Amino acid sequence: MLKEILSDLLKQAIAKAQENGKLPIVPLPDIVIERPQKTEHGDYASSISLKLARAIGTNPMAIAKEIAACIPATAEIGAVSVAPPGFINFTLSKTWLACQVDNILKAANSYGNITYGAGKKVQIEFVSVNPTGPLHIGHGRGAILGSALANALSAAGFNVEKEYYVNDAGTQIDTFYRSLWARYQQQFEVKVDVPTDGYVGAYMIDVAKEIIVEQGDRFMKLPEKEAIAALGKIGLEKMIGKIRADLETLRVTFDVWFSEKSLYANGQYATAMKLLRDAGYLTEKEGATWFVSTALGESKDNVVIRSDGTPTYFAADIAYHYNKLVERKFDQVIDIWGADHAGHVSRMKAVLTALGLDPERLDVILGQMVTLRRGGELVKISKRSGEIITLQELVEEVGADACRFFFLCRSADSQMDFDMELAKKQSSDNPVYYVQYAHARISSILKLAKEHGIDYSQGDVSLLCHDPEQNLIRKMITLPEMIEVIAKTLEPHHLTYYAQDLATVFHAFYKDCRVMPSQKSTAPVTDEEMAVTKARLKLVEAAQTVLGRTLNLMGMTAPDKM
RNA sequence: GCGCCCGUAGCUCAGCGGAUAGAGCAUCGGUCUUCGAAACCGGUGGCCGUGGGUUCGAAUCCCACUGGGCGCACCA
């Protein structure tokens, strides 16, 4: 990647300057290559001389000049300059930039892929909502974050597995079973109430009705205990099926649906608990078993096994993470949780330490709360009043593409407003359409070229030397850098900004540079004009590749027409 | 009380140690006889919550304060 090439060049230049006695030998700080905000400062810059100035004790401008003088000429660099207070600025070579168009076309849909991840096994676990109710909009944010991050990490060279942890054990499942049994009986005019702690939502009635359509009243004839278990199991499958279908309409899919129950069946729960006990991190208190998190600097201990002998959610999660890191040997595990689970993070990390694992192997991304609005008006999403807007309703109203873009365009750790009115607008106000429109425009140019039978495969990219063309190429070649940033920070929101920037430079190019020869003109097309057309068609196709890839990473469609 | 996240343009938010702080929307004004005007160009608009500190250099790092959100169960 360019940044590495430049930082290597600087390293060599400094070494050379030191050999020549132009610079004293001092310990080298990290060489950071950054992108200047102002275009007149070039494409890349380094402040290395400002940092060296401290150690050397002379003025940074002089140091910068010495270093710059030792930078050898390379294909990539067009110019090196020094600017106060001591920056070394690099401008990319015009011919090198133009050549990148051919590289992009050659790489096609793999353009942007990098080797940063080195094939490391990464698991991203997200959504993982209890299968006891429908997904709401907050879950949508986690779903999109996870699926886009997975795409980006794959592009960054990681071996990624997406997982949904199904909480199919524990008290909430028992409650779900009893609630469903009540709704089922009600369909047969039995006077029973949904348990007071139960799930009262109308969707439970729908599930009960569905089961009756498929299986009739056969559960009414079973002993109650048996009926609850059998009915519940079917209901649970149906709920999971609904969740899966909801997510699929958002183009969110998983490689593994992992059952919590399986941790008890295969003995891994017991193994994890034994490891903690042997390491001295479990203690009995008030009839329950506690994880002694205070021994690891936490503010309080946590119950792992209740006094009635049942494991808590925390205990299951301990076994689950033991399974991920020890049994399945993921190099890195990323959990995406809602902000309401923030308190769970440090506990979970403490558990890993207690199990003798490196807590750095676990990253937790907390998606902050989402508020819904229509234009200026807040949409209440109170569970109690039953006004809750489900994820399904949101997707139906605004569409999967807009949903994905809007959930993605804010960093996970800031709360977000989701404006349904804006997301639905089919106009320039809406960034979703702005980006997709650029793609459609490109398709339409390429279609026109095809209709005219123009074969541009031999187009000469060195003709692409005008500013609008070069600026477009400049933006395109930062795709790999952007992917690396996401891999390092686990912040997929950069995708949306990149997509908008790319669309902007494309539209600017389109305005300034005509691609196809004018159809209205009566004069015959000259050879020079045709050569430019062919070069620009290559550029346009490359732009489509990069924009399409970006949309693809966001999980959005790249339409040929709108 | 303790912990985590946030406070940047009228609004929604990027930027998270570098050069004159950015985008979209809103607002004001320009641009269609030629590849899609769902587009482009320009103007207005900022004590980057407040106060200290570190640094050659701070919106960015540290401390205190302040406003908002979320946690602090033998719930998940």
Side-chain angles (χ1 to χ4, degrees), chain A residues 32 34 36-38 40-41 45-47 50-51 53-54 59-60 83-87 89 128-130 132 167 170-172 175 197 285-290 298-300 302-317 338-347 366 368-369 371 373 376 406 409-419 422 425-434 436-438 440-449 452 489 493-494 496-497 500-501 503-504 506-508 510-521 533 536-537 540 561-562:
Chain A
V32 181
E34 58 209 30
Q37 295 177 24
K38 299 281 168 188
E40 61 261 35
H41 293 137
S46 174
S47 58
L50 290 161
K51 286 176 178 129
R54 191 172 326 178
N59 116 38
F87 289 99
N89 295 330
S128 300
V129 177
N130 285 344
T132 52
N167 298 106
T171 51
Q172 82 286 351
T175 309
D197 60 340
K285 226 171 18 182
E286 300 154 26
T289 304
W290 299 66
E298 292 291 290
S299 57
K300 56 179 70 171
N302 301 94
V303 172
V304 138
I305 301 168
R306 301 183 187 93
S307 44
D308 69 1
T310 59
T312 61
Y313 145 90
F314 182 44
D317 233 18
D340 53 342
H341 285 62
H344 191 53
V345 179
S346 61
R347 255 212 302 280
L366 297 172
Q368 295 294 322
M369 283 199 2
T371 47
R373 63 168 62 212
F406 278 86
C409 70
R410 304 285 177 244
S411 89
D413 47 25
S414 86
Q415 292 169 30
M416 71 173 288
D417 276 1
F418 191 115
D419 187 345
L422 176 60
K425 267 195 192 168
Q426 305 216 348
S427 73
S428 57
D429 308 357
N430 189 339
V432 178
Y433 288 91
Y434 181 77
Q436 289 184 324
Y437 177 71
R441 238 183 183 179
I442 293 173
S443 294
S444 135
I445 296 169
L446 295 176
K447 190 170 152 239
L448 197 63
H452 286 254
T489 60
H493 69 272
H494 293 109
T496 60
Y497 290 90
Q500 288 178 90
D501 289 349
T504 299
F506 174 76
H507 287 309
Y510 176 90
K511 178 82 164 87
D512 291 338
C513 301
R514 184 158 237 296
V515 179
M516 293 294 289
S518 169
Q519 289 159 50
K520 293 278 165 77
S521 165
T533 289
R536 286 182 178 166
L537 282 169
V540 163
K561 58 171 181 244
M562 297 170 67

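Since the model is a prediction, treat every value here as computed from it, not as a measurement. Letters A, B, ... are given to chains in the order of the sequence lines, protein chains preceding strands, and every chain is numbered from 1.
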I want to check something: taking the side chain as every heavy atom from C-beta on, are A:Thr171 and A:Thr310 in contact at a cut-off of under 4.5 Å? no
How far does the C1' atom of B:U60 sit from the matching atom of B:U54, given to the nearest Å? 13 Å
Could you tell me which nucleotide pairs with B:C48 by Watson-Crick or G-U wobble geometry, both distances under 3.5 Å, or answer none if nothing does? none
Taking atom P in both B:A21 and B:A58, what distance in whole Å separates the two? 13 Å
My understanding is that a pair needs two contacts under 3.5 Å, Watson-Crick or G-U wobble. By that rule, which nucleotide pairs with B:G42? B:C28
Is A:Tyr497 stacked on the base of B:A14 when the test is centres under 5.5 angstrom and planes under 30 degrees? no
Return the orientation label for the A:His493 and A:Tyr497 ring planes: parallel under 30°, perpendicular over 60°, tilted otherwise. perpendicular
Heavy atoms under 4.0 Å, any strand shown: does A:Arg347 hit a base, just sugar-phosphate, or nothing? base
Measuring only the C1' atom in each nucleotide, how far is B:C32 from B:A37? A whole number of Å is fine. 6 Å
Could you check whether A:Gln500 gets within reach of a base, just the sugar-phosphate, or nothing at all, counting any heavy atom under 4.0 Å? nothing
Considering only the P atoms, how many Å lie between B:U27 and B:C63, rounded to the nearest integer? 43 Å
Closer than 4.0 Å, any side-chain N/O of A:Tyr434 to the OP1 or OP2 of B:C40? yes
Please work out if A:Asn59 contacts a base, only the sugar-phosphate, or nothing of the nucleic acid, heavy-atom cut-off 4.0 Å. nothing
Between the base of B:C2 and the side chain of A:Ser299, is there a donor and acceptor pair under 3.5 angstrom? no
In whole Å, measure the gap between the P atoms of B:G18 and B:C62 for me. 15 Å
Does the side-chain ring of A:His41 sit on the six-membered ring of the B:A19 base, less than 5.5 Å centre to centre and under 30° in tilt? yes
Watson-Crick or G-U wobble partner of B:U33, both distances under 3.5 Å: none
Applying a 3.5 Å limit to both distances, which nucleotide forms a Watson-Crick or G-U wobble pair with B:G7? B:U66
For nucleotides B:G51 and B:C13, find the distance between their P atoms and express it as a whole number of Å. 25 Å
Opposite nucleotide pairing with B:G57, Watson-Crick or G-U, both atom distances under 3.5 Å: none
Taking pairing as Watson-Crick or G-U wobble with both contacts under 3.5 Å, can you name the mate of B:C72, or confirm there isn't one? B:G1
Looking at B:A14, does its base get a donor-acceptor pair with the side chain of A:Asp501 below 3.5 Å? no
For a 4.5 angstrom cut-off between non-hydrogen side-chain atoms, does A:Asp413 reach A:Leu366? no
Cut-off 3.5 Å, side chains only: do A:Glu298 and A:Ser346 have a donor facing an acceptor? yes
Find the partner of B:A23: check Watson-Crick (N1-N3 plus N6-O4 or O6-N4) and G-U wobble (N1-O2, O6-N3) distances, both under 3.5 Å, and reply none if neither fits. B:U12
Under a 4.5 Å cut-off applied to non-hydrogen side-chain atoms, are A:Asp317 and A:Arg347 in contact? no
Quick one: label A:Leu50 by what it contacts on the DNA or RNA (base, sugar-phosphate, nothing), any heavy atom closer than 4.0 Å. base
Could you check whether A:Thr289 gets within reach of a base, just the sugar-phosphate, or nothing at all, counting any heavy atom under 4.0 Å? nothing
Heavy-atom nearest nucleotide on RNA chain B for A:Ala83 versus A:Lys561: which residue maps closer to 5'? A:Ala83
Hey, does A:Phe406 have a side-chain heavy atom less than 4.5 Å from the side chain of A:Val432? yes
Can you find a donor-acceptor N/O pair under 3.5 angstrom joining the side chain of A:Arg514 to the base of B:U34? yes
Within 90° of 0 counts as syn, otherwise anti: where does B:C35 fall? anti
Using the C1' atom as the reference point in each nucleotide, state the distance between B:G24 and B:G45 in Å, no decimals. 15 Å
Restricting to salt bridge (Lys or Arg N to Asp or Glu O under 4.0 Å), what partner residues turn up for A:Asp340, sequence neighbours left out? none
Base, sugar-phosphate, or nothing: which does A:Gln415 touch, judged by heavy atoms less than 4.0 Å apart? base
What interatomic distance, in whole Å, is found between P of B:C61 and the corresponding atom of B:A76? 37 Å
